[in-house]
Amino acid sequence: MTSDPASQRQRAVWVRLFSYAKPYVPRLLLGTFFGILFGGSTAGLLPVIQKNLSMLGDLGRLSLQATIIIAALLPLLTILRGIGDFASRYMIEWVGKRVVRDMREKLFDHTLKLSMGYFTRSRSGELMSRITNDTMMIENAVSTFIGDLIREPFVLIGGVSYICWLNWQLALLSLVVFPICILPVAHFGRKVRRAAREGQARLANLAAVLQEALTGMRIVKAFGMEDYERRRFNEEAKATFSRAMKVTRANAAIEPIIVFLAAAGAIPVLFYANFTGMKLAELITFFVAMLMMYQPVKKLSKLHLAIQQSSAAADRIFELLDTPIGVTDRTNAVEFRSPVQRIAFEHVGFAYDNEPILQNVSLTVGAGRCVAFVGSSGAGKSTLVSLVPRFYDVTAGRILLNDLDLRDLTQTSLRQQIGMVTQETILFNDTVANNIAYGTANASREAIMEAARRAHAHDFISEMPEGYDTVIGERGVRLSGGQRQRLAIARAILRNPPILILDEATSALDTESERAVQAALDELMAHRTVLAIAHRLSTIMHADCIYVLDAGRVVETGTHAELLALNGTYKRLHDLQFRDTPAPVAAE
Ligand code: ADP
């Protein structure tokens, strides 16, 4: 083994991969035991064959006694071999597949913990590919080959011991070729590793292109981008194919090379037999033994390629597992249990990378108050509100909930205080009732219906074929924009959080829908501490305080009337944004 950094790193990946099997060592040992049984009984066939042949040679025919012994031994050995074969394969593959399952669960768990920053940086298709395809690559290698890893060495050891016992000079002569087999195996192993790593990366790109095209299908069609998407997809498919073929070439080439070397190994044996006048039976048994040993050598060399392949996948998996989580709970984080009194931003600064997005933002929102944020697109409104549930941590200053720094609270207890209604309503492929109850454990049907009523959603839900048990699509495709929004509002009402973050959609709704959504929102916002990104004039009019953001700074503060009177940024924005919006009908 060389010890350049690349192969050291590779070894670290293997060690880590095998460390996943640690909890299952007893099963591995049991598998090994059956592997030895398999190897032993396979090699045990050799003396039986030799006996058989030598008797033939001596007598011309078998004696009855020998026939009976052989007749008894043959099935016994094959039964033992069969049990060893079955049980070792079962045990070892169990461990392999279990390791893959553990790995998948760990990956998903880690993915759930990663901060939002990670998801805005990476493509979800590529992430999905790591969790499914890369683990599948390991699973395939495991199912096909790992049984061999434990069984075949024993066949090899059995075979070698037998031929050494038979004739050690001859054994040495024939074994000379085996070390030579390592050369092509190592060479192809390196090739396979590189090709597999690239192939998995291209496969992940393929998944990403697919995912983007599927989720953006409306846009793809509307802009006539089918050809463009097809080209992108085909390019990745082609690249994946060519890498897969590289692996196939290596796999296909390894066997002929080993056969050739094994045949070359037989040549000196032939001459030796000729010179020493070796008995034919002995020579034939010797060849049978060599043939038998050729199997494990072939399998182990393919196994090496499979390990290279799966370590390329493991590398990608560990890369994801090693991505720092970003937002974490401090070791002494406390549960937030008390009633919300206020949220205070104190000189808050934030940067996604290096460029500052928010600077010196200070504001306080009292319990039960509603504040609105306005500002041109890119001013930092979404960023600002996403700091409250700690999707990101502030990079300067601090945010307090009552008197506690958000970073001193557990994320779970903090987020339990917060409800979010965002522009994009995410509905899951589940029933209406379960969609409303998402995030509220053990909600009763009555509570769900009550929330729906208050969100002005009960009527349209009741008209659905199966009412609350109707399954709605992944993105709620069978619902109108207004209906989706009202379901999201019902979800927030049911969860009943003291703090509400509102970034409601501006999508044009017909007057009736608009009125229903507005009524639902009023119901939701009542008695809560609300931070709203104001898209509606009505939200603004009802806000206790409006903060006008410009390039990450609060530039104006006041009520709607005060800010209009100021005749500054707000007035300009207001005229631009709400010029055509009719003034809302006063609520209540
Ligand atoms: P608004 O909600 O007011 O439109 P945002 O808070 O979405 O503004 O964005 C503020 C700035 O932060 C923009 O310049 C935007 O490009 C940048 N930004 C938003 N999200 C990210 C992100 N995940 N990574 C890097 N920059 C971002």
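For ligands, and for the atoms within them, numbers begin at 1 and follow the listed sequence. Residues: numbered from 1 along the sequence shown.
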Participant: For residues 356-366, which residue pairs pass the salt bridge (charged side-chain N to carboxylate O under 4.0 Å, His left out) check, not counting sequence neighbours?
Facilitator: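 Salt bridge (charged side-chain N to carboxylate O under 4.0 Å, His left out) check on residues 356-366 returns no pairs.
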
Participant: Which residue pairs pass the salt bridge (charged side-chain N to carboxylate O under 4.0 Å, His left out) test when at least one of the two sits in residues 547-572, sequence neighbours left out?
Facilitator: K571-D575

Participant: With sequence neighbours excluded, what pairs up with D109 under the salt bridge (charged side-chain N to carboxylate O under 4.0 Å, His left out) test?
Facilitator: K113

Participant: Let me know which protein residues bring a heavy atom to under 4.0 Å of ligand 1; chain then number is fine for ordering.
Facilitator: T120, Y352, I357, S376, S377, G378, A379, G380, K381, S382, T383, Y392

Participant: Which atoms form the tightest heavy-atom contact between I131 and R104, and what is the distance?
Facilitator: O-NE, 3.4 Å

Participant: Is the Lys NZ or Arg CZ of R16 less than 6.0 Å from the centre of F318's six-membered ring, within 45° of the axis?
Facilitator: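 Flagged: R16 positioned over aromatic ring of F318.
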
Participant: Determine whether the side chains of S124 and Q211 contain a donor N or O and an acceptor N or O closer than 3.5 Å.
Facilitator: yes

